[in-house]
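Below, chains carry the letters A, B, ... as their sequence lines are ordered, and counting in each starts from 1.
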Amino acid sequence: MLDLQYILDNREAVQQNCDNRGITVSLDRLTELDSARRLHIQEGDELRRQQKETSGGIPKAKDNDERQQLIAKGKELREQIGAIEAKQKEIEAELRTLQADIPNMTHPAAPVGKTEDDSQVVRTWGEKPNFDFEPLDHVALAEKHNLIDFEAGGRVAGHGFYYLKNEAVMLELALIQYAVEKVRAAGFSIHTTPDLARNDVLEGIGFNPRGNETQIYSVENSDLSLVATAEITLGGAEKDQMMDLDQLPILRAGISHCFRTEAGAHGRAGRGIYRVHQFTKVEMFAFTAPESTASDEVHAKIVGIEEEIFQGLGLHYQVIDTATGDLGGPAYRKYDLEAWMPGRGEGGSYGEVTSASNCTDYQARRLNIRCKNPNEKGTKFVHTLNGTAVAVTRALIAILENYQQADGSIKIPEVLQKWVGQDKIG
RNA sequence: GGAGAGAUGGCUGAGCGGCCGAAAGCGCUGGAUUGCUAAUCCAGUGAGUCUCGUAAGAGGCUCCACGAGUUCGAAUCUCGUUCUCUCCGCCA
């Protein structure tokens, strides 16, 4: 959520930003509601002042007559205040809804464009593997080596669920270990987090727990939902907290399951474990000082860790600077790593394996996470960032497809061998 | 699951329906002082929001977990919700 005053003071820039992101908002209505809100506040304040004066005079009243008069006046004021507060509440509810629909501002250097295709490749690392045979996709590889059971997943939980088996399980555990080792070395403290969270936490991070387009499974008869990423729980952990400026940045990482309904995505869901309803992920999260210099720096650090992880795995990837239209609400800037997946599409293609966002104070404002600078009055909302260390399913696809050999076996990336306990599958 | 206790400022912790935005302490900031990183003394020190002002600032209102209610008046009384703690039971 953006600051209301900021929106009103920078209407043109906010409008331009919404246009760039392909979001329709009514800033006129917002302005209208804001004026109405101020008017009601002023009126209410004045009435409340009178009421305090009135009730304060009652103990000092000279006689019963005067006392009864003041009580009557107090009653009348109470009714007027009630009416005006009700109206103000209505106005503020609509105002807040509008305000929450406005996306974060955008880093000036982020590529402007409505779709994914407008995103820019900022650099690539490694090279596509050269196969002197026809490579299989991960579904075929998994079947050949008995690594994934989609049928059982379907019977038990439906399409989009799966069982990992045998070396695939070892690879999942190894990837987690490997990612955890990397993020800890980079200064992130490691957590396992709840797989459920309250809806107001989801909303604070920027997810919509209910509604047609929700990505979120909600638990019936409760205000809990299954989390779509540990970003939710790592950020939500500090809801309503006050931090000291000098303890920032705070770097945390979490291991969690991620649950996504993928509503509306079934058409392009495709084969395999690229788009699934549940997967395991190691996520990085950071709270930084409320300046973009501070958060940009940590943003670069997070992307750097992601690259180090995929370089260590020996996987060819490109880094994408995400276009405005594809940023989502909270992100100020977002870098994705797309790894080469030889079995994806016709003759292989890049597939998103990580995503790193600087959300500036957009999430912190709604979660009410502030920091205090001892040298300044007041408080400020911190900046928050998140990035994928490893999303197991996506990384698994890249590994299986890139490391397949002419003889049908699959090599295990060297950095994972100590945890998998073998150097190849098959 | 059963029984009970509780939630107050950055932290600890007092608080009778009106004199409470809230004692005290810690912490922090400024100053004084002591011949030496410490000690002592004095002063200041919550957040949010609205109005006025170019500004420094001034003033109003709100906030004692959250939400309703009683009352002329609620941190204080009532109800609901959430969370925390203790004891018992159950359980990996």
Can you give me every donor-acceptor pair (side chain of residues 18-26 of chain A, partner residue at least two apart or in another chain, under 3.5 Å) with its distance?
unit_1: A:D19; atom_1: OD1; unit_2: A:Q15; atom_2: NE2; d: 3.2
unit_1: A:N20; atom_1: OD1; unit_2: A:Q16; atom_2: NE2; d: 3.1
unit_1: A:R21; atom_1: NE; unit_2: A:N104; atom_2: O; d: 3.2
unit_1: A:R21; atom_1: NE; unit_2: A:T106; atom_2: OG1; d: 3.0
unit_1: A:R21; atom_1: NH1; unit_2: A:G328; atom_2: O; d: 2.6
unit_1: A:R21; atom_1: NH1; unit_2: A:A331; atom_2: O; d: 3.4
unit_1: A:R21; atom_1: NH2; unit_2: A:N104; atom_2: O; d: 3.1
unit_1: A:R21; atom_1: NH2; unit_2: A:M105; atom_2: O; d: 3.3
unit_1: A:R21; atom_1: NH2; unit_2: A:T106; atom_2: OG1; d: 3.1
unit_1: A:R21; atom_1: NH2; unit_2: A:A331; atom_2: O; d: 2.5
unit_1: A:S26; atom_1: OG; unit_2: A:R29; atom_2: N; d: 3.2

For atom CD1 of A:I81 and atom C1' of B:rC72, their distance in whole Å | 11 Å

Where each residue is assigned the nucleotide of RNA chain B containing its nearest heavy atom, which of A:I71 and A:R49 is assigned the position nearer the 5′ end?
-> A:R49

Starting from P on B:rG48, measure out to CD1 on A:I41 and report it in whole angstrom.
-> 15 Å

For the pair made of CZ in A:R48 and P in B:rU71, what is the distance, rounded to whole Å?
-> 19 Å

Let me know the distance between CG of A:L77 and C1' of B:rU71, rounded to the nearest Å.
-> 14 Å

OP1, OP2 of B:rA74 versus side-chain N and O of A:K52: anything below 4.0 Å?
-> no

Of A:G74 and A:R370, the one whose nearest nucleotide on RNA chain B sits closer to the 5' end is A:R370

Is the phosphate of B:rU70, meaning OP1 or OP2, less than 4.0 Å from a side-chain N or O of A:R78?
-> no

Quantified in whole Å, what is the P atom distance between nucleotide B:rC79 and nucleotide B:rG4?
-> 13 Å

B:rG35: pairing nucleotide in any strand, Watson-Crick or G-U under 3.5 angstrom = none

Can you find a side chain N or O atom of A:R198 that sits less than 4.0 Å from OP1 or OP2 on B:rC83?
-> yes

Lys/Arg N to Asp/Glu carboxylate O, A:K301 vs A:E308, below 4.0 Å | no

From CG (A:L164) to CD1 (A:I273), nearest 0.5 Å | 6.0 Å

B:rU12 - base-pair partner by Watson-Crick or wobble geometry, distances under 3.5 Å | B:rA24

Taking the C1' atom of each, how far is B:rA68 from B:rU82, in whole Å?
-> 15 Å

Provide, to the nearest angstrom, the distance between the CD atom belonging to A:E85 and the C1' atom belonging to B:rA68.
-> 13 Å

Decide ring-ring contact (aromatic ring centres under 6.0 Å, His included) for A:F285 and A:F287; before the verdict, give the C-alpha distance in whole Å, the side-chain angles of both, and the deciding distance to 0.1 Å.
-> CA-CA 7 Å; A:F285 197 92; A:F287 305 91; 5.1 Å; yes

Does a nitrogen or oxygen in the side chain of A:K75 sit under 4.0 Å from OP1 or OP2 of B:rC72?
-> yes

Considering only the P atoms, how many Å lie between B:rC66 and B:rG60, rounded to the nearest integer?
-> 24 Å

Using the P atom on both, measure B:rA74 against B:rG21 and round to a whole Å.
-> 11 Å

Please give the nucleotide sitting opposite B:rC19 as a Watson-Crick or G-U wobble pair, both distances under 3.5 Å, or none.
-> none

So what's B:rG59 paired with, Watson-Crick or G-U wobble, going by both distances under 3.5 Å?
-> B:rC50

Nucleotide paired to B:rA5 in any strand shown, Watson-Crick or G-U, under 3.5 Å = B:rU84

What is the distance from CD of A:Q50 to C1' of B:rC61, rounded to the nearest Å?
-> 13 Å

Interatomic distance at C1', B:rG30 relative to B:rG67, whole Å = 42 Å

Identify whether any heavy atom of A:K89 sits under 4.0 Å from a base atom; if not, whether one sits that close to sugar-phosphate; answer base, sugar-phosphate or nothing.
-> sugar-phosphate

Give me the ring orientation class for A:F161 and A:H277: parallel if the planes are under 30° apart, tilted from 30 to 60°, perpendicular past 60°.
-> tilted

Mate of B:rU70 where both pairing distances stay under 3.5 Å, Watson-Crick or G-U = none

When you measure from the centre of the six-membered ring of A:F279, is the NZ or CZ of A:R394 under 6.0 Å away and within 45° of the axis?
-> no

Between B:rA75 and B:rG17 - P atom distance, rounded Å | 13 Å

Of the listed nucleotides B:rG73, B:rG67, B:rU49, the one nearest the side chain of A:S55 = B:rG73

Return all side-chain donor-acceptor pairs below 3.5 angstrom for residues 395-405 of chain A, not counting sequence neighbours, or 'none' if the list is empty.
unit_1: A:E401; atom_1: OE1; unit_2: A:G343; atom_2: N; d: 2.7
unit_1: A:E401; atom_1: OE2; unit_2: A:H138; atom_2: N; d: 2.7
unit_1: A:E401; atom_1: OE2; unit_2: A:H138; atom_2: ND1; d: 3.1
unit_1: A:N402; atom_1: ND2; unit_2: A:W340; atom_2: O; d: 2.7
unit_1: A:N402; atom_1: ND2; unit_2: A:A398; atom_2: O; d: 2.7
unit_1: A:Y403; atom_1: OH; unit_2: A:L313; atom_2: O; d: 2.5
unit_1: A:Q404; atom_1: OE1; unit_2: A:L136; atom_2: N; d: 2.9
unit_1: A:Q404; atom_1: NE2; unit_2: A:L136; atom_2: O; d: 2.8
unit_1: A:Q404; atom_1: NE2; unit_2: A:E401; atom_2: O; d: 2.9
unit_1: A:Q405; atom_1: NE2; unit_2: A:Y403; atom_2: O; d: 2.8

Nearest-angstrom distance from the residue atom CD of A:E92 to P of B:rC50 = 10 Å

Rounded to the nearest angstrom, tell me the gap between atom CD1 in A:I84 and atom P in B:rC50.
-> 16 Å

Taking a pair to mean Watson-Crick or G-U wobble geometry with both distances below 3.5 Å, B:rU76 pairs with none

Across all strands, who's sitting opposite B:rA92 as a Watson-Crick or G-U wobble pair, both distances under 3.5 Å?
-> none

Establish, with yes or no, whether the OP1 or OP2 oxygen of B:rG73 is under 4.0 angstrom from a side-chain nitrogen or oxygen of A:Q51.
-> yes

C1' atom, B:rG6 versus B:rA65: distance in rounded Å?
-> 11 Å

Euclidean distance for P, B:rU45 against B:rA23 (whole angstrom) | 11 Å

